[in-house]
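Sequence lines set the chain letters: A, B, ... in the order given, protein chains first and strands last, and positions in each chain run from 1. Computed from a predicted model, the values in this text were never measured in an experiment.
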Amino acid sequence: MALSISEVALLLEQEYGSPVGWWSAETPFEVAVGAILTQRTSWANVESSIDALKREGLLTPSRLVDAGGAKVEMLVRRTGFYRQKSKYLLELASYVQDEYGGDLLNMSRRPQYQLREELLKLRGVGPETADSILLYALSMPSFVVDAYTTRFLARLGLDLGQGYDSIKQSFESAFENDSARLSKAHALIVIHCKSRCRTIPVCNGCPLLCSCRLEAEQKE
DNA sequence: ACCCAGGCGTTCT
DNA sequence: AGAACGCATGGG
């Protein structure tokens, strides 16, 4: 008998507690910028670039657009792919500026599915980045499926179907579209993978995985 | 000197 | 529809 998503989430919470301020930012726009910058990049470098943007006072759509590509390229250089990411950030900024009066929170007035389609049309915004913005910038119930999540599920032997959307839907159903529970679960998975298991396919020394196996055996 | 990091878009088969 | 590849820097 395999563990359910809720049971796994409970075990994670028992192991690591309830994450507070895991994706902290001063503004929703800062979250969105971070979501772009973190693509294939460690978070430490993202923070460095975000701080650089902050120091220049550019962490708002209008200021970012005014600064221009060359300036932004220099500031986000540390996150890698800096020419692409600079373009992506400017496109995002223009979009928020033009469609939402420069305030990302104004997006909240439109339905989630529609926003997701809009975000996916932006260059540099794929499923994971779009869901990160919806979940962490707008507090909408949109689960983020990242490399950590797929590795974690595979290691656990928890089959939620194939493909991004299947896994995403599984979590959203399990948590009844509760954004607080969805963000907590995602954060806990990342915390767990970073702190103990990282890239090891089958981590025998992982306390959580061991306790999961014990639980699973007790159910049979 | 590798290998990986909280992807995405383009360009092939 | 899916695989392969480019993007580019920083840290272990």
Side-chain angles (χ1 to χ4, degrees), chain A residues 8-9 12 16 19-25 28-53 69-95 115-140 142-156 160-168 171-172 179 182-203 208:
Chain A
V8 172
L12 284 168
Y16 301 105
V20 286
W22 180 70
W23 192 325
S24 61
F29 185 66
E30 181 180 329
V31 174
V33 168
I36 298 271
L37 292 181
T38 197
Q39 293 168 5
R40 292 296 289 182
T41 306
S42 62
W43 187 254
N45 292 326
V46 175
E47 284 198 311
S48 160
S49 286
I50 286 192
D51 287 345
L53 289 165
K71 176 75 172 173
V72 176
E73 278 184 14
M74 297 310 295
L75 295 172
V76 303
R77 194 169 167 278
R78 292 181 62 81
T79 65
F81 310 117
Y82 62 91
R83 284 189 287 257
Q84 294 187 49
K85 286 177 179 176
S86 171
K87 273 187 279 190
Y88 296 163
L89 290 181
L90 288 180
E91 179 165 345
L92 171 73
S94 302
Y95 163 74
L115 290 176
R116 192 167 192 272
E117 293 306 307
E118 282 185 17
L119 289 169
L120 289 175
K121 285 178 188 160
L122 299 175
R123 303 288 253 180
V125 178
E128 182 180 337
T129 307
D131 290 329
S132 295
I133 294 171
L134 292 172
L135 184 61
Y136 290 107
L138 297 171
S139 299
M140 287 180 168
S142 196
F143 189 71
V144 179
V145 181
D146 56 20
Y148 287 139
T149 306
T150 53
R151 278 206 302 263
F152 177 68
L153 293 174
R155 210 162 47 214
L156 220 48
L160 302 180
Q162 293 304 306
Y164 188 101
D165 290 335
S166 175
I167 296 172
K168 172 182 170 62
F171 274 86
E172 290 172 5
S179 63
L182 288 166
S183 57
K184 187 161 76 175
H186 173 248
L188 283 169
I189 289 171
V190 176
I191 288 166
H192 171 65
C193 291
K194 286 178 93 156
S195 63
R196 308 206 183 211
C197 290
R198 300 186 62 83
T199 59
I200 304 167
V202 177
C203 175
L208 179 73

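- One can place CD1 of A:I36 at 9 Å from C1' of B:dC8, the figure rounded to the nearest angstrom.
- Side-chain contact of A:S142 with A:K168: a donor-acceptor pair under 3.5 Å is present, judged by distance alone.
- Near-neighbour residues of DNA chain B inside residues 130-140 of chain A, defined by a heavy atom below 4.0 Å, are absent.
- When rounded to the nearest whole Å, the span between OH of A:Y164 and P of B:dG9 equals 13 Å.
- A:K87 has its NZ atom 16 Å from the C1' atom of B:dG7, to the nearest Å.
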Find every protein N or O atom lying less than 3.5 Å from an N or O atom of nucleotides 8-12 of chain C, and list the pairs.
from: C:dA8; atom 1: OP1; to: A:R83; atom 2: N; distance (Å): 3.0
from: C:dA8; atom 1: OP1; to: A:Q84; atom 2: N; distance (Å): 3.2
from: C:dA8; atom 1: OP2; to: A:R83; atom 2: NE; distance (Å): 3.0
from: C:dA8; atom 1: OP2; to: A:R83; atom 2: NH2; distance (Å): 2.7
from: C:dA8; atom 1: O4'; to: A:F81; atom 2: N; distance (Å): 3.1
from: C:dG10; atom 1: O4'; to: A:N45; atom 2: ND2; distance (Å): 3.4
from: C:dG11; atom 1: OP1; to: A:R78; atom 2: NH2; distance (Å): 3.2

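- A heavy-atom distance below 4.5 Å is found between the side chains of A:F29 and A:L92.
- At the heavy-atom level, A:V125 lies under 4.0 Å from the strands shown only through sugar-phosphate atoms.
- Using a 4.0 Å heavy-atom distance criterion, A:L122 is classed as a sugar-phosphate-only contact.
- A side-chain donor-acceptor contact under 3.5 Å links A:E118 and A:Y95.
- A:D146 and A:T149 form a side-chain donor-acceptor contact under 3.5 Å, judged by distance and modelled atom types alone.
- In this pair, A:Y136 and A:H186 present their aromatic rings tilted. The plane angle is within the 30 to 60° band.
- Rounded to a whole angstrom, the distance from the P atom of C:dA8 to that of B:dT10 is 14 Å.
- Ranked by how close their nearest DNA chain B nucleotide is to the 5' end, A:R123 and A:E128 are led by A:E128.
- Panel note: side chain A:S86, backbone A:G69; a donor-acceptor pair is recorded below 3.5 Å.
- Distance A:L89 CG to B:dG7 P: 16 Å, rounded to the nearest Å.
- Look at CG on A:L119: it is 14 Å from C1' on B:dC8, rounded to the nearest Å.
- Side-chain atoms of A:V8 and A:F152, non-hydrogen and from C-beta on, do get closer than 4.5 Å to each other.
- Remark: side-chain polar atoms of A:S132 are paired, donor with acceptor, to backbone N or O of A:E128 under 3.5 angstrom.
- When the side-chain nitrogen and oxygen atoms of A:R151 are compared with OP1 and OP2 of B:dA5, one or more of them lie within a distance under 4.0 Å.
- When only modelled atom types and interatomic distance are considered, A:S49 and A:K85 share no side-chain donor-acceptor pair under 3.5 Å.
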